[in-house]
Amino acid sequence: QVHLVESGGGSVQAGGSLKLSCTASGPTYSIFCMGWFRQAPGKEREGIARIDTETGTIDYHDSVKGRFTISQPGRWDTLYLQMNNLEPEDSAMYYCAADQTKCQYLDFTRGRDVRYWGQGTQVTVDS
């Protein structure tokens, strides 16, 4: 069982930055896709960034392109999400997710078939 723990959330002013971290433990060698999702109150969960841990291929949701950067220094290292120029609309609970399936075969929009999830970290952006 892969265990994911997020950290780095908090409250910032619009235009500010935050960096989220996700540490994985357990049989991480089996993981081929990791990513970040978020869910705001009253809204559906949405995928915002993901990385194929084998090839390094990265995908972003259009709403965060150019502002957010997903990174992972080494294949099974900590996963990061650098968030710049934050907007009030970015306020949500942010979740780290992982799966043994390659990213291209997973539901990036809602993550309905993603197997492992962290407990979430709250991001609040004040206008």
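Note that the structure is predicted; figures quoted are calculated from it, not measured. Nothing fancy with the numbering, it's 1 onward along the sequence.
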Roughly how far, to the nearest 0.5 Å, is [atom2] of [Y] from [atom1] of [X]?
X	Y	atom1	atom2	value
T124	L18	OG1	CG	9.5 Å
L106	F32	CG	CZ	12.0 Å
S11	Q122	OG	CD	7.5 Å
R112	R45	CZ	CZ	8.5 Å
I58	R50	CD1	CZ	11.5 Å

Give a yes or no on whether V114 and Y94 share a hydrophobic cluster (residues Ile, Leu, Val, Met, Phe, Trp, Tyr; joining criterion: side-chain heavy atoms under 4.5 Å apart).
no
Under 4.5 Å between side-chain heavy atoms, hopping through other hydrophobics if needed: is there a path connecting V64 to V12?
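In one cluster: yes.
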Full working for side chain to side chain contact (heavy atoms under 4.5 Å, CB included) between F68 and L86
CA-CA 9 Å; F68 291 11; L86 283 160; 3.8 Å; yes
Relative to each other, are the rings of Y95 and W117 parallel, tilted or perpendicular (30° and 60° limits)?
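The rings of Y95 and W117 stand perpendicular, inter-plane angle above 60°.
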Exercise: identify the closest heavy-atom pair between [X] and [Y]:
X	Y	value
K102	D52	NZ-OD2, 2.9 Å
F108	A49	CZ-N, 3.5 Å
S127	Q13	O-OE1, 3.8 Å
R38	S63	NH2-OG, 3.4 Å
S91	A40	O-CB, 3.6 Å
A24	L4	CB-CD2, 3.6 Å

Salt-bridge contact R115-D99 (side-chain N to carboxylate O under 4.0 Å)
no
Are the side chain of [X] and the backbone of [Y] linked by a donor-acceptor contact shorter than 3.5 Å?
X	Y	result
N85	R67	no
Y60	I70	yes
Q82	K19	no

Determine, step by step, whether L79 and C96 satisfy the side chain to side chain contact (heavy atoms under 4.5 Å, CB included) criterion, reporting the C-alpha distance in whole Å, the side-chain angles of both residues, the deciding distance to 0.1 Å, and the verdict.
CA-CA 8 Å; L79 183 73; C96 176; 4.1 Å; yes
Side-chain contact, heavy-atom cut-off 4.5 Å: V2 with P27?
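Answer yes - side chains close enough.
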As a quick check of understanding, evaluate side chain to side chain contact (heavy atoms under 4.5 Å, CB included) for I48 and L81, giving each step before the final call.
CA-CA 10 Å; I48 55 174; L81 185 68; 3.8 Å; yes
L20 and V123: side chain to side chain contact (heavy atoms under 4.5 Å, CB included), yes or no, with the steps?
CA-CA 9 Å; L20 306 184; V123 171; 4.1 Å; yes
With distance as the sole criterion, is a donor-acceptor pair present between the side chains of Q100 and Y116 under 3.5 Å?
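Q100 vs Y116: donor-acceptor pair found between side chains.
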Between E6, E46, H61, which is the residue that forms a side-chain contact (heavy atoms from CB on, under 4.5 Å) with W36?
E6
